[in-house]
Asks: 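Below is one structure. I have some questions about it.
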Number of protein chains: 2
Amino acid sequence: MARLVAERADILPILAELFREHGYEGASLSLISERTGLGKGSLYHFFPGGKEEMAAAVLEEIDGWFERRIFAPLRNSTDAAQSIAETLDAVEVYFAQGRRICLVSAFALDHTRDRFTAAIRDYFIAWRDALAAALQRLGHAPAISTDLAEDVLGAIQGGLVLARAIGDPSAFQRAVARSKYLLAMPGPSEPRCTVE
Amino acid sequence: MARLVAERADILPILAELFREHGYEGASLSLISERTGLGKGSLYHFFPGGKEEMAAAVLEEIDGWFERRIFAPLRNSTDAAQSIAETLDAVEVYFAQGRRICLVSAFALDHTRDRFTAAIRDYFIAWRDALAAALQRLGHAPAISTDLAEDVLGAIQGGLVLARAIGDPSAFQRAVARSKYLLAMPGPSEPRCTVE
DNA sequence: GTCTATAAAGCGATAGAC
DNA sequence: GTCTATCGCTTTATAGAC
């Protein structure tokens, strides 16, 4: 039986966009109240812990989305190459081809990091290790796989930063394209643009 | 004749560290007053425009440092390969081997970006174009040079994000090492980890 | 479950004495 | 040039009516 009124889950995407646009400090309760259409009383009903609980819930939802759509496929798919290509496509769509920033990165650079240290760290480590697992199934050595995965994660995050900074989403798109090319090298004996 | 009291220039490094630690919003005037040892009256004497002028002055100082130590050598040195290697070393030191974030990136991801759009964009474009100019002197084609420079910038910024996020500065150090390796390829005919 | 009113604290910024 | 006191505003959070 569908409810007409907002549920807690319905609020999360709005909160996520507000934190993306304005940052943790900048997303004030009055702004949140305005954009969700809920009074402060209702907001504190759904999130008794206030803004910190809202941000934690958003981070948890983001982590859940990546776990289902990115991390699990990378870890478990039978076709590692295909899962790598598909998840890179999904990432490109998720970040709106470079027009949407990574909230976890934004929190990491902000002093907001101190509030959510574990969630931020776990997100990137899960991503790196899932990608490294797929690369190992492609035949790469464990150490090389982790290094390569970290390289790609950095390129993606750096691409998002540059895209936002210079106002050109194509900087992110090129970073993803380069990552696809880099990861398309199938074997462990191929030359790599990295050092030990 | 050396002055004993603080000059405006002496305040800027303290402001920079405060903005790095706490972000633009988080660095309150009372915190700034405490860390600089100056009352609000003195702060407004040096920066009549308040906190926005303080942040603008910090960004200008950062840009000046990079212009002198990174951009100009990349553009003008006779030995392009040497200037690339030396400026990468300088960048590694500047960011304290991954323990110090890039304030320009942090502002870019925050909604603080809207206040300093031009300064943020110009910083990254100047860096990219200076590095691309050095790569052209190494024999790379213009389009490849810009793409390669953007690649390296993204790797550096992504490395800083990852280092801060996972609490491991070596993620940044590896990104710089990979960039050195990538840029050490001298000629335009060498294989590249990128796509057009 | 939603609202308004309000509390308590912190904010950026200003005024004016010294 | 530096200080303290204070203004006006916004913030998060709570209380209590409905």
Side-chain angles (χ1 to χ4, degrees), chain A residues 1-59 103 106-107 110-116, chain B residues 1-60 103 106-107 110-116 119:
Chain A
M1 190 183 302
R3 295 177 50 194
L4 293 177
V5 297
E7 302 180 42
R8 188 181 135 122
D10 298 328
I11 310 171
L12 291 180
I14 302 173
L15 289 176
E17 282 311 305
L18 279 170
F19 285 130
R20 262 183 253 270
E21 285 175 32
H22 302 278
Y24 181 78
E25 312 276 351
S28 68
L29 283 186
S30 55
L31 190 60
I32 293 171
S33 180
E34 178 190 323
R35 292 273 286 265
T36 59
L38 293 171
K40 288 175 187 166
S42 302
L43 291 172
Y44 275 92
H45 170 73
F46 288 120
F47 305 95
K51 200 159 85 163
E52 182 152 353
E53 188 177 337
M54 298 181 200
V58 167
L59 286 178
L103 185 59
F107 279 5
D110 202 307
H111 71 132
T112 309
R113 187 191 78 126
D114 301 335
R115 293 176 187 265
F116 308 109
Chain B
M1 191 182 301
R3 295 176 53 195
L4 293 178
V5 296
E7 303 180 42
R8 191 182 133 120
D10 298 329
I11 308 171
L12 291 180
I14 302 173
L15 289 176
E17 282 311 304
L18 279 170
F19 285 130
R20 262 183 253 269
E21 285 176 31
H22 300 277
Y24 181 79
E25 312 276 351
S28 67
L29 282 185
S30 55
L31 191 60
I32 294 171
S33 179
E34 180 190 323
R35 291 275 285 267
T36 58
L38 292 172
K40 288 179 186 172
S42 303
L43 291 172
Y44 275 89
H45 170 73
F46 288 121
F47 304 95
K51 201 159 84 162
E52 182 151 353
E53 187 177 337
M54 297 181 200
V58 167
L59 285 178
E60 197 180 340
L103 185 60
F107 279 5
D110 202 308
H111 71 132
T112 308
R113 188 191 75 126
D114 300 335
R115 292 176 187 265
F116 307 109

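Numbered from 1 within each chain, the chains take letters A, B, ... in sequence-line order.
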Asks: Would the distance check show the side chain of B:Ser42 and the main-chain N or O of B:Leu38 forming a donor-acceptor pair, the cut-off being under 3.5 Å?
Replies: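 No; judged by distance alone, with no hydrogens or angles, the pair does not exist.
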Asks: Any side-chain N or O of B:Ser30 below 4.0 angstrom from OP1/OP2 of C:dC11?
Replies: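 It does, given that an N or O in the side chain of B:Ser30 lies less than 4.0 Å from OP1 or OP2 of C:dC11.
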Asks: Using atom NE2 of A:His22 as one end and atom P of D:dT12 as the other, report the distance to the nearest whole Å.
Replies: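 Result: 13 Å.
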Asks: Check step by step if salt bridge (charged side-chain N to carboxylate O under 4.0 Å, His left out) holds for B:Arg35 and B:Glu21.
Replies: CA-CA 12 Å; B:Arg35 291 275 285 267; B:Glu21 285 176 31; 3.2 Å; yes
Asks: Looking at A:Tyr24, is its backbone amide N or carbonyl O close enough to the side chain of A:Thr112 to form a donor-acceptor pair, meaning the two atoms are under 3.5 Å apart?
Replies: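 No; zero donor-acceptor contacts below 3.5 Å.
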Asks: Measure CD/A:Glu34 against C1'/C:dT2 and give the value in whole Å, please.
Replies: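 One finds 18 Å between C1' of C:dT2 and CD of A:Glu34, rounded.
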Asks: Name all residues meeting the side-chain contact (heavy atoms from CB on, under 4.5 Å) criterion together with A:Arg20; count only those two or more places apart in sequence or in a different chain, and write none if there are none.
Replies: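 Testing A:Arg20 for side-chain contact (heavy atoms from CB on, under 4.5 Å), a comparison that skips the adjacent residues, returns A:Ala16, A:Glu17, A:Ile62, A:Tyr94, A:Arg100, A:Ile101, A:Leu103.
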Asks: Within this structure, what is the CZ-to-P distance between A:Arg115 and D:dT12, rounded to whole angstrom?
Replies: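 Interatomic distance, CZ of A:Arg115 to P of D:dT12: 10 Å.
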Asks: Just how far, in rounded Å, is P of D:dG1 from CG of B:Leu43?
Replies: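 Atom CG in B:Leu43 sits about 14 Å away from atom P in D:dG1.
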Asks: Heavy atoms under 4.0 Å is the rule here; annotate nucleotides 13-18 of chain D 5' to 3' with B where the base is hit, S where only the sugar-phosphate is, and - elsewhere.
Replies: BB----
Asks: Let me know the distance between CD1 of B:Ile32 and C1' of C:dC11, rounded to the nearest Å.
Replies: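 Rounding to the nearest Å, CD1 of B:Ile32 and C1' of C:dC11 are 12 Å apart.
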Asks: Under 4.0 Å: is that the gap between some side-chain N or O of A:His45 and OP1 or OP2 of C:dG1?
Replies: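 For C:dG1, OP1/OP2 do have a side-chain N/O of A:His45 under 4.0 Å.
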Asks: How far apart are the C-alpha atoms of B:Arg8 and B:Glu53, what are their side-chain angles, what is the distance that settles it, and do they pass the salt bridge (charged side-chain N to carboxylate O under 4.0 Å, His left out) test?
Replies: CA-CA 12 Å; B:Arg8 191 182 133 120; B:Glu53 187 177 337; 3.4 Å; yes
Asks: Determine: side-chain N/O of A:Ser42 to OP1/OP2 of C:dC3, distance under 4.0 Å, yes or no.
Replies: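 Looking at the OP1 and OP2 atoms of C:dC3, one of them is under 4.0 Å from a side-chain N or O of A:Ser42.
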Asks: Return the value, rounded to whole Å, for the distance between atom CG of B:Leu31 and atom C1' of C:dG10.
Replies: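 Spelled out: CG on B:Leu31 to C1' on C:dG10 is 13 Å.
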Asks: Could you give the CZ-to-C1' distance, from B:Phe47 to C:dT14, as a whole number of Å?
Replies: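 From B:Phe47 CZ to C:dT14 C1': 18 Å.
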Asks: Indicate whether OP1 or OP2 belonging to C:dC11 is found under 4.0 Å from a side-chain N or O atom of B:Ser28.
Replies: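 Looking at the OP1 and OP2 atoms of C:dC11, one of them is under 4.0 Å from a side-chain N or O of B:Ser28.
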Asks: Atom CD of residue position B:Glu60 - does it have more than 12 heavy atoms of other residues, nucleotides or ligands inside 6.0 Å?
Replies: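 Open: at most 12 neighbouring heavy atoms sit under 6.0 Å from CD of B:Glu60.
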Asks: Distance check needed: D:dT12 P versus A:Glu25 CD, whole Å only.
Replies: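 Taking atom P of D:dT12 as the reference, CD of A:Glu25 is at 9 Å.
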Asks: State which residues pass ring pair (Phe, Tyr, Trp, His ring centres under 6.0 Å) with A:Phe116; sequence neighbours excluded, sorted by chain then number.
Replies: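 Testing A:Phe116 for ring pair (Phe, Tyr, Trp, His ring centres under 6.0 Å), a comparison that skips the adjacent residues, returns A:Phe107.
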